[in-house]
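Written out below as structure tokens is the structure these notes cover.
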Amino acid sequence: MDQTQSIDYRLLVDNLSTAILLVDRDLNIFYLNSSCEALFDISLIRASGQPVLNLLHMPDDEFNTQEAFLNTIKTGQPYTRREATINVNFKDIHVDYTASQLNAGKPYHPLLLIELNPIDRMLKISKEENFIQQHQVARQLIRGVAHEIKNPLAGIRGATQLLARSLNDPKYDEFTDIIISEVDRLRNLADTMLGSRQLPSYELVNIHEPLERVRSLIVNQTKNKINIIRDYDLSLPEVMADRDQLIQVMLNICANAVQAMTEHPDFFTEHRPELILRTRIQRLVTINGVLNRSTVRVDIEDNGPGVPEDILESVFYPLVTGRANGTGLGLSIAQNIMHQHNGMIECQSIPGKTIFSLYLPWEASHVAK
Ligand SMILES: Nc1ncnc2c1ncn2[C@@H]1O[C@H](COP(=O)(O)OP(=O)(O)OP(=O)(O)O)[C@@H](O)[C@H]1O
Ligand SMILES: [Mg+2]
């Protein structure tokens, strides 16, 4: 028997790491494979029939691209571009791509086959590994400092109480009370710096459950001052995770968004503050050097002023803050929890649109680090 007859070509095309697009002669999308869905963060159903130039949005030379594609369909001459910049979800990505004519057995209705290879991935992996290493060193340093701060505090507190008792004079109470309350404040800070001491306890979690918990907390706290929009994919599979820790991650990120929006009311002259909670499946995500075929993604998006540009690159590092009374620990703790779950958080931010995306792998059998 001819072995090629037993190959399921659709399966093969969907498992290619090259992103593939098929386009009709009007330059509308006819088909895209799984890698292409992941690259553009769009499903085949949503993309079908859309103009390909909407997807391959190349800000500089749309006209030339259109001409080149039409020319390839007409003449059969392949067209190749290297290091083209395309814009996906307001993020520039770089791709090499080739467009060629595909007759599909019908010479009068040729299709255009576009193969895209993103070239950012290698760049991104090394940047991420570097970041994770640095982040771990910084966390250890912080924990060390927090321990050293905490150790003498119990002694100072006890001695102050003894002092207050032996002075036994109300006019000194004010001073000893200040010492005690400042010591307590410092101890709380040190506890936050140390992070959770509990090991994660993993169970199957429907990601919407902690997300809804956080949403109701935020609704209570903001009393309808912020529009909260839910955009959930309810077909998402459950993930192995520590439910309480996920709540902490989402709460830290939502708290930042709420603070950014409520602390800058002048930014909202023509529109209302808005928080969008979005859940999706995201295929082909590299986390700490491991390519995950499938992940659950949670976006927490706000329309506030955005992360200050000077801290955007380092926003996940401990003690990095853009707020006068921030400690700069919320995101570092959240990222740490996600790393323990073999996941990660990414951030994209411009004024008016800030998205923190959480990624959790769901297919791998889970082993805590
Ligand atoms: N959604 C957002 N919009 C604008 N800026 C943000 C947003 N999220 C985070 N930031 C910026 O990132 C900084 C770091 O956030 P992080 O949660 O780590 O610390 P913090 O909020 O300053 O303090 P803490 O969370 O420890 O109380 C914030 O101070 C803020 O400047
Ligand atoms: Mg915070």
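If you read the sequence from its start, that first residue is 1, and numbering goes on from there.
Nearest approach of Arg280 to Leu236, heavy atoms of both residues: C-CD2, 3.6 Å. Nearest heavy atoms, Asp96 versus Glu83: OD1-N, 2.8 Å. In terms of heavy atoms, Tyr202 sits closest to His341 at CE2-CD2, 3.5 Å. In plain terms, the two heavy atoms of Tyr97 and Ala84 that are nearest each other are CE2-CB, 3.7 Å. Of all the heavy atoms in Val239 and Pro361, the pair that sits closest is CG1-O, 4.2 Å. Nearest approach of Ala19 to Leu39, heavy atoms of both residues: CB-CD2, 4.0 Å.
In terms of modelled atom types and a separation under 3.5 Å, the side chain of Asn303 and the main chain of Glu274 share a donor-acceptor contact. With hydrogens and angles disregarded, a donor-acceptor distance shorter than 3.5 Å links the side chain of His264 to the backbone of Ala260. Judged by distance alone, the side chain of Gln101 and the main-chain N or O of Ile73 form a donor-acceptor pair under 3.5 Å. Judged by distance alone, with hydrogens and angles left aside, the side-chain atoms of Asp169 form a donor-acceptor pair with the main-chain N or O of Lys171 at under 3.5 Å. When atom types are taken as modelled, the side chain of Asp24 and the backbone of Asp26 share a donor-acceptor pair closer than 3.5 angstrom. In terms of modelled atom types and a separation under 3.5 Å, the side chain of Asn33 and the main chain of Asp14 share no donor-acceptor contact. Here the side chain of Ser332 pairs no donor or acceptor atom with the backbone of Gly328 at under 3.5 angstrom. Looking at Asn292, its side chain never comes within 3.5 Å of a backbone N or O of Thr286 through a donor-acceptor pair. Formation of a donor-acceptor pair under 3.5 Å by the Ser349 side chain with backbone atoms of Val307 is found in this model.
Sparse packing is recorded around CZ of Arg82, with 12 or fewer heavy atoms of other residues, nucleotides or ligands lying under 6.0 Å away. Within a 6.0 Å radius of CZ in Arg185, no more than 12 heavy atoms belonging to other residues, nucleotides or ligands are found. Atom CD of Glu238 sits in a crowded spot, with more than 12 heavy atoms from other residues, nucleotides or ligands closer than 6.0 Å. Environment of CD in Glu309: sparse, with no more than 12 heavy atoms of neighbouring residues, nucleotides or ligands closer than 6.0 Å. Annotation for Phe30: atom CZ does not count as buried by contact number, only 12 or fewer foreign heavy atoms lying within 6.0 Å.
Here the straight-line distance linking atom CD1 of Ile218 with atom CG of Leu251 works out to 5.5 Å at 0.5 Å rounding. In this structure, the separation between CD on Gln221 and CD1 on Ile226 is 8.0 Å, given to the nearest 0.5 Å. Considering CG of Leu70 and CD of Glu67, their distance stands at 6.5 Å, rounded to 0.5 Å. Atoms CD1 and CG, on Ile253 and Asp302 in that order, are 11.0 Å from each other to the nearest 0.5 Å. The structure places CD of Glu212 at 11.5 Å from CD1 of Ile247, a figure rounded to the nearest 0.5 Å. Atom-to-atom distance recorded for Glu346:CD and Ile287:CD1 is 9.0 Å, nearest 0.5 angstrom.
Ile114 is connected to Leu16 through a chain of hydrophobic side-chain contacts under 4.5 Å among Ile, Leu, Val, Met, Phe, Trp and Tyr, so both are in one cluster. Ile42 and Leu44 end up in the same hydrophobic cluster when Ile, Leu, Val, Met, Phe, Trp and Tyr side chains are linked at under 4.5 Å. In the hydrophobic clustering of this structure, Leu163 groups with Phe175; members are Ile, Leu, Val, Met, Phe, Trp, Tyr whose side-chain heavy atoms approach within less than 4.5 Å, directly or through other members. Taking hydrophobic clusters as Ile, Leu, Val, Met, Phe, Trp and Tyr residues chained together by side-chain heavy-atom distances below 4.5 Å, Tyr317 shares a cluster with Val249. Cluster membership for Ile93 and Val52, using ILVMFWY side-chain heavy atoms within less than 4.5 angstrom, is shared.
Within the 4.5 Å cutoff, the side chain of Leu55 has heavy atoms near those of the Ile29 side chain. Between Ile281 and Ser294 there is a side-chain heavy-atom pair separated by less than 4.5 Å. Residues Arg213 and Leu246 have side chains not in contact (no heavy-atom distance under 4.5 Å, counting atoms from C-beta outward). Counting heavy atoms from C-beta outward, Pro318 and Ile333 have side chains that stay 4.5 Å or more apart. Leu32 is not listed as a side-chain neighbour of Ile20, based on a closest heavy-atom distance of 4.5 Å or more. Ser314 places a side-chain heavy atom less than 4.5 Å from the side chain of Val320. Residues Thr354 and Gln348 form no side-chain contact, since every pair of their non-hydrogen atoms from C-beta on lies 4.5 Å or further apart. Residues Thr279 and Leu234 fail the side-chain proximity criterion, which asks for heavy atoms closer than 4.5 Å.
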Can you check side-chain contact (heavy atoms from CB on, under 4.5 Å) on Ile345 and Phe316, steps first, answer last? CA-CA 9 Å; Ile345 312 174; Phe316 290 105; 3.8 Å; yes
Set out, in order, the CA-CA distance, both residues' side-chain angles and the distance that settles side-chain contact (heavy atoms from CB on, under 4.5 Å) for Leu111 and Tyr31, then state yes or no. CA-CA 10 Å; Leu111 293 168; Tyr31 172 76; over 6 Å; no
Start with the C-alpha gap between Val23 and Asn28, add the side-chain angles, then the distance that decides, and say whether side-chain contact (heavy atoms from CB on, under 4.5 Å) holds. CA-CA 5 Å; Val23 174; Asn28 292 329; 5.8 Å; no
Stepwise, does the side-chain contact (heavy atoms from CB on, under 4.5 Å) test hold for Val285 with Met344? CA-CA 10 Å; Val285 181; Met344 68 168 174; 3.7 Å; yes
Checking Trp362 against Thr295 for the side-chain hydrogen bond (donor to acceptor under 3.5 Å, both in side chains) test, could you report, in this order, the C-alpha distance in whole Å, the side-chain angles of both residues, the deciding distance, and whether it holds? CA-CA 6 Å; Trp362 66 272; Thr295 61; over 6 Å; no
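Side-chain contact, Ser235 with Asp233: a donor N or O sits under 3.5 Å from an acceptor N or O. Side chains of Arg293 and Asn15: a donor-acceptor N/O pair is present below 3.5 angstrom, by distance only.
Ring orientation note: the planes of Phe268 and His271 are tilted relative to one another, at an angle of 30° to 60°.
None of Asp8, Leu12, Val13 except one satisfies the side-chain contact (heavy atoms from CB on, under 4.5 Å) rule with Arg10; the exception is Asp8.
Legend: residues meeting salt bridge (Lys or Arg N to Asp or Glu O under 4.0 Å) with Arg278, ordered by chain and number and at least two apart, are Asp231, Asp299, Glu301. Every residue meeting the ring pair (Phe, Tyr, Trp, His ring centres under 6.0 Å) condition with Tyr232, not counting sequence neighbours, appears here in chain and number order: His208.
Listed by first and then second residue, the salt bridge (Lys or Arg N to Asp or Glu O under 4.0 Å) pairs involving residues 27-56 are Asp41-Arg297 (not counting sequence neighbours).
With salt bridges taken as basic N to acidic carboxylate O contacts below 4.0 Å, none links Glu203 and Arg243.
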